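The structure displayed is predicted, hence computed values, not measured ones.
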Amino acid sequence: QVQLVESGGGLVQAGGSLRLSCAASGRTFSNYDMGWFRQAPGKEREFVAAISRSDSNIDYANSVKGRFTISRENAKNTVYLQMNGLKPEDTANYYCAAKERRLILKYRVNYDYWGQGTQVTVSS
C-alpha cells in the first residue's frame, strides 16, 4: 500500500500561484510514476500532469501547459505541482496519484493509489 497526502491548496486570485505537495509513504517512492488530477463540482476527474519514476517522461494536459510544472524529489518521497498564472477554471479539488505499472501517464484508470485531495479555488 502507498499512502498519499496532498497539501498546499487554498484560495488565490486569478493570475496568482500555488504550489501543491504530495507526500508518499508505505512503499519505495522511486518505484512509482506520479500524477496530479483534478475534479471540479459536477465534472469528471481529469488529468493535469504526471511524471515518471525516473523523471525521464513528463506529460501535461493542454489546458495547463506553460503554466504548471510537475517535479519530484525521490529522496523526500514527494511530488510537487507548481501552478502559475492560475485561472478561475483551474478551481477544483486536486488529487495526487501513484502507479506502479509502466502504463501511459495520463490515463486515470492506470493509477493504483490516490490521496484525499486538496482544494484549489481561484477567484476572478
Side-chain angles (χ1 to χ4, degrees):
Q1 286 283 346
V2 175
Q3 291 78 44
L4 303 171
V5 179
E6 302 95 336
S7 61
L11 174 63
V12 64
Q13 288 188 333
S17 298
L18 283 173
R19 188 195 196 201
L20 305 184
S21 298
C22 172
S25 61
R27 294 281 181 89
T28 304
F29 182 68
S30 59
N31 288 344
Y32 292 83
D33 300 330
M34 301 298 297
W36 286 97
F37 293 77
R38 66 186 181 187
Q39 188 168 17
K43 294 188 176 182
E44 289 191 359
R45 192 169 299 188
E46 65 176 6
F47 170 73
V48 176
I51 185 168
S52 63
R53 61 202 70 193
S54 62
D55 290 356
S56 60
N57 189 16
I58 292 176
D59 197 7
Y60 294 99
N62 288 335
S63 58
V64 307
K65 278 182 182 176
R67 299 189 297 124
F68 291 10
T69 302
I70 189 171
S71 61
R72 64 189 294 162
E73 284 190 74
N74 286 347
K76 293 186 177 181
N77 293 348
T78 302
V79 62
Y80 305 98
L81 185 67
Q82 178 67 44
M83 305 186 296
N84 299 328
L86 283 162
K87 304 176 182 180
E89 51 263 44
D90 294 318
T91 295
N93 203 7
Y94 282 70
Y95 296 89
C96 173
K99 66 176 183 70
E100 188 172 15
R101 295 164 294 172
R102 297 182 186 272
L103 301 174
I104 295 175
L105 290 172
K106 66 180 180 181
Y107 291 164
R108 182 181 64 188
V109 68
N110 290 341
Y111 286 80
D112 306 302
Y113 304 101
W114 294 85
Q116 292 300 307
T118 184
Q119 178 67 36
V120 172
T121 303
V122 185
S123 62
S124 57

Tell me, with the steps shown, if Gln82 and Ser71 meet side-chain contact (heavy atoms from CB on, under 4.5 Å).
CA-CA 8 Å; Gln82 178 67 44; Ser71 61; over 6 Å; no
Rounding to 0.5 Å, atoms CG (Leu105) and NZ (Lys99) come to a distance of 5.0 Å
Under the ring-ring contact (aromatic ring centres under 6.0 Å, His included) test, residues paired with Tyr111 that sit two or more places apart:
Phe37
Which residues pass the salt bridge (Lys or Arg N to Asp or Glu O under 4.0 Å) test with Arg72, sequence neighbours left out?
none
Using modelled atom types and a 3.5 Å cut-off, is there a donor and acceptor pairing between side-chain atoms of Thr91 and backbone atoms of Thr121?
no
Return each pair, listed once, that meets ring-ring contact (aromatic ring centres under 6.0 Å, His included) where at least one residue sits in residues 17-36; pairs must be two or more places apart or across chains.
none
So, Glu6 side chain and Ser21 main chain: donor-acceptor pair closer than 3.5 Å or not?
no
Is there a path of hydrophobic side-chain contacts, each under 4.5 Å between heavy atoms, that joins Trp114 and Met34?
no
Given the rule that I, L, V, M, F, W and Y join up when any side-chain heavy atoms are under 4.5 Å apart, are Leu103 and Tyr95 in one cluster?
no
Quick one: list whatever passes side chain to side chain donor-acceptor pair (under 3.5 Å) with Ser124, sequence neighbours left out.
none
Given side chains that start at C-beta, do those of Glu46 and Arg38 come closer than 4.5 Å, heavy atoms only?
yes
Test of understanding: with side chain to side chain donor-acceptor pair (under 3.5 Å), list the residues that count as partners of Tyr60, not counting sequence neighbours.
none
Kindly state each residue pair satisfying salt bridge (Lys or Arg N to Asp or Glu O under 4.0 Å) with at least one member in residues 101-110, sequence neighbours excluded.
Arg101-Asp112
Backbone N/O of Lys76 and side chain of Thr78: donor-acceptor pair under 3.5 Å
yes
CD1 (Ile70) and CD1 (Ile51) are apart, to the nearest 0.5 Å, by 5.5 Å
Would you mind reporting whether Val5 and Gln3 have side-chain heavy atoms less than 4.5 Å apart?
no
Do you know the tightest heavy-atom contact between Ala24 and Val2?
CB-CG1, 4.4 Å
Can you pull out every salt bridge (Lys or Arg N to Asp or Glu O under 4.0 Å) where at least one residue sits in residues 61-70? Sequence neighbours excluded, please.
Arg67-Asp90
Find out if a path of hydrophobic residues (ILVMFWY) with successive side-chain heavy-atom gaps under 4.5 Å connects Phe47 to Val120.
no
Listed once per pair and sorted, the salt bridge (Lys or Arg N to Asp or Glu O under 4.0 Å) pairs that draw on residues 49-64, sequence neighbours left out:
Asp33-Arg53
Does the Gln39 side chain pair with the main chain of Lys43, one donor and one acceptor, at a distance under 3.5 Å?
yes
Apart from Tyr107 itself, which Ile, Leu, Val, Met, Phe, Trp or Tyr residues share its cluster (side-chain heavy atoms under 4.5 Å, direct or through members)?
Ile104, Val109
Are Tyr80 and Leu20 packed together at the side-chain level, in the sense that at least one heavy-atom pair is separated by less than 4.5 angstrom?
no
In short, disulfide bond (SG atoms under 2.5 Å apart) pairs touching residues 49-92 with sequence neighbours left out are none
With distance as the sole criterion, is a donor-acceptor pair present between the side chains of Ser54 and Ser56 under 3.5 Å?
yes
Provide the closest heavy-atom pair for Ala49 versus Leu81 in the form atom of the first, atom of the second, distance.
CB-CD1, 4.1 Å
Test applied, side-chain contact (heavy atoms from CB on, under 4.5 Å); reference residue, Leu18; option that passes from Val122, Thr118, Asn84, Val12:
Val12
Quick one: list whatever passes salt bridge (Lys or Arg N to Asp or Glu O under 4.0 Å) with Glu100, sequence neighbours left out.
none
Output for pair (Asn74 CG, Ser30 OG), nearest 0.5 Å, gives 5.5 Å
What pairs meet the disulfide bond (SG atoms under 2.5 Å apart) rule with one or both residues in residues 7-45, with sequence neighbours excluded?
Cys22-Cys96
